[in-house]
Amino acid sequence: MAMGRARPRGAAGGGERDRLLPQASRLVELPCSSSDDSDGDVDLPASELDPAVSCSIPPAPSAFSQCVRHLAFLWNLLFLLLGLLVLAVGVWGLLAKGSVAGARFAPLGSDPMLLLVLAGLSASAVSLGGCLGALRSSPCLLRFFVGSVLSFAGLEVLAALLVLAARHRLRDALRGALLLCLLRYQDEPDLRFLVDEVQRSLRCCGLGSYRDWEANPYFNCSAPGAQACSVPASCCLDPRQNGTVVNALCAAGALRLGDAAAGTVVYVGGCVAQLSAWLRSQAGAIVTSAAVLVLVEAVGALMALKMLGDITARG
């Protein structure tokens, strides 16, 4: 009797186990392991996971992508340092001239140092964006870098097309620029340096002839001072008359002389024709330099686009 009553109890226990087995089998079908993986749970193979709920793991970047990223960082770091150097030179020039002029800056519209400041600031900002974009894999900074580089390249191409379209007016543009330099010769140290270098290297004086310096208020014959009726020392055939130091008054009274007599002291030919001929002779070097600049910008943009593609693929 006792044994007959114990069997139903075992049969009932077996029925409970049969009901729990499906529930236990469903527990092992969980696709993603929880934070308690360190407790000894065994990961299931990917073939047994439910693809509808399985966790997606982004693929690791390839060795080529890592190489492009590091190269882009170093590339932009180099141009960042160059941009900061140009910016520092421009700021130093502005501050130096401001202190020389009695703590009063010259008009910035005609200051060549302002061009260095703007160029250095632009290059530094764009290169900094490229550096941080490559370092942090930031799509926003990389897009800013690519957009800026493409904008600069577009402006350069537009400027080249304008020069080609208006090449017949280039002589007039040069004449206007040199006239501005001639009028502001004593007021701007940078312009004075440029004019002296052009006249000394091209062996010329003035725009069309040495008499163009009469338009300068300091060299005009009616001006007071020792420079009246004179031209800059860079116009002299032999500015180092004593062999060591440049004589600033080596062309004193040159504007009172005739062309033949003045030709024994100063260069009588103008710089516009000489500068135009020099630019024509250097056209190949100018085109090559412009092509190298565009190529450098294109390489930087392509590396940034490659990183953007990798970020999108992982995203």
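Computed from a predicted structure; not experimentally measured. Just so it is clear, the values below take in all heavy atoms, side chains as well, and ignore hydrogens, waters and symmetry mates.
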- Message: Restricting to side chain to side chain donor-acceptor pair (under 3.5 Å), what partner residues turn up for Asp196, sequence neighbours left out?
- Response: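 By the side chain to side chain donor-acceptor pair (under 3.5 Å) rule, Asp196 matches Tyr185, Ser234.
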
If I take atom [atom1] from residue [X] and atom [atom2] from residue [Y], how far apart are they, to the nearest 0.5 angstrom?
{"X": "Phe73", "Y": "Leu80", "atom1": "CZ", "atom2": "CG", "answer": "9.0 Å"}
{"X": "Tyr210", "Y": "Leu255", "atom1": "OH", "atom2": "CG", "answer": "7.0 Å"}
{"X": "Ile311", "Y": "Arg69", "atom1": "CD1", "atom2": "CZ", "answer": "8.5 Å"}
{"X": "Leu178", "Y": "Gln199", "atom1": "CG", "atom2": "CD", "answer": "9.0 Å"}
{"X": "Leu87", "Y": "Leu82", "atom1": "CG", "atom2": "CG", "answer": "12.5 Å"}

What's the shortest heavy-atom distance between [X] and [Y], and which atoms?
{"X": "Cys204", "Y": "Cys235", "result": "O-SG, 4.3 Å"}
{"X": "Ser230", "Y": "Ala251", "result": "OG-O, 3.1 Å"}
{"X": "Gly206", "Y": "Leu182", "result": "CA-CD1, 4.5 Å"}
{"X": "Ala254", "Y": "Ala262", "result": "O-CB, 4.1 Å"}
{"X": "Ala233", "Y": "Pro239", "result": "O-CB, 3.7 Å"}
{"X": "Ala223", "Y": "Ala228", "result": "O-CB, 3.0 Å"}

- Sequence neighbours excluded, which residues qualify as ring-ring contact (aromatic ring centres under 6.0 Å, His included) partners of Phe144? none

Go through the structure and list residues passing side chain to side chain contact (heavy atoms under 4.5 Å, CB included) with [X], not counting sequence neighbours.
{"X": "Gln227", "answer": "Gln186, Tyr218, Phe219"}
{"X": "Val294", "answer": "Glu156"}
{"X": "Val86", "answer": "Leu116"}
{"X": "Arg203", "answer": "Tyr267"}

Hey, can you pull the donor-acceptor pairs under 3.5 Å for the side chains in residues 295-307, sequence neighbours left out?
unit_1 : atom_1 : unit_2 : atom_2 : d
Lys306 : NZ     : Ser65  : OG     : 3.0
Lys306 : NZ     : Asp310 : OD1    : 3.0
Lys306 : NZ     : Asp310 : OD2    : 2.9

- Query: Should Val231 and Cys205 count as side-chain neighbours, where that means a heavy-atom distance under 4.5 Å?
  - Reply: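 In contact.
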
- Asn216 side chain vs Trp213 backbone, donor-acceptor pair below 3.5 Å: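 No: the side chain of Asn216 does not pair with the backbone of Trp213.
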
- Message: Checking the side chain of Asn220 only, and the main-chain atoms of Glu214 only, is there a donor and an acceptor separated by less than 3.5 Å?
- Response: yes

Find out if a path of hydrophobic residues (ILVMFWY) with successive side-chain heavy-atom gaps under 4.5 Å connects [X] to [Y].
{"X": "Val157", "Y": "Ile286", "result": "no"}
{"X": "Phe64", "Y": "Leu71", "result": "yes"}
{"X": "Val266", "Y": "Leu237", "result": "no"}

- For Leu81, which fellow cluster members are found when Ile, Leu, Val, Met, Phe, Trp and Tyr are connected by side-chain heavy-atom distances below 4.5 angstrom, either directly or through intermediates?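 Under the 4.5 Å side-chain rule, Leu81 groups with nothing.
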
- Item | Under the disulfide bond (SG atoms under 2.5 Å apart) test, residues paired with Cys221 that sit two or more places apart |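 By the disulfide bond (SG atoms under 2.5 Å apart) rule, Cys221 matches Cys229.
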
Only pairs under 3.5 Å count here: list side-chain donor-acceptor contacts from residues 117-141, not counting sequence neighbours, and write none if there are none.
unit_1 : atom_1 : unit_2 : atom_2 : d
Ser122 : OG     : Leu118 : O      : 2.9
Ser124 : OG     : Gly83  : O      : 3.4
Ser124 : OG     : Leu84  : N      : 3.2
Ser124 : OG     : Gly120 : O      : 2.7
Ser127 : OG     : Ala123 : O      : 2.8
Ser138 : OG     : Leu141 : N      : 3.4

- Item | Which residues share a salt bridge (charged side-chain N to carboxylate O under 4.0 Å, His left out) with Arg200, sequence neighbours left out | Glu197

- Identify whether the distance between the nearest side-chain nitrogen and carboxylate oxygen of Asp187 and Arg192 falls below 4.0 Å. no

When the side chains of residues 270-285 are checked against the rest of the protein, which donor-acceptor pairs come out under 3.5 Å, sequence neighbours left out?
unit_1 : atom_1 : unit_2 : atom_2 : d
Ser276 : OG     : Val272 : O      : 2.9
Ser281 : OG     : Ala277 : O      : 3.4
Ser281 : OG     : Trp278 : O      : 2.6

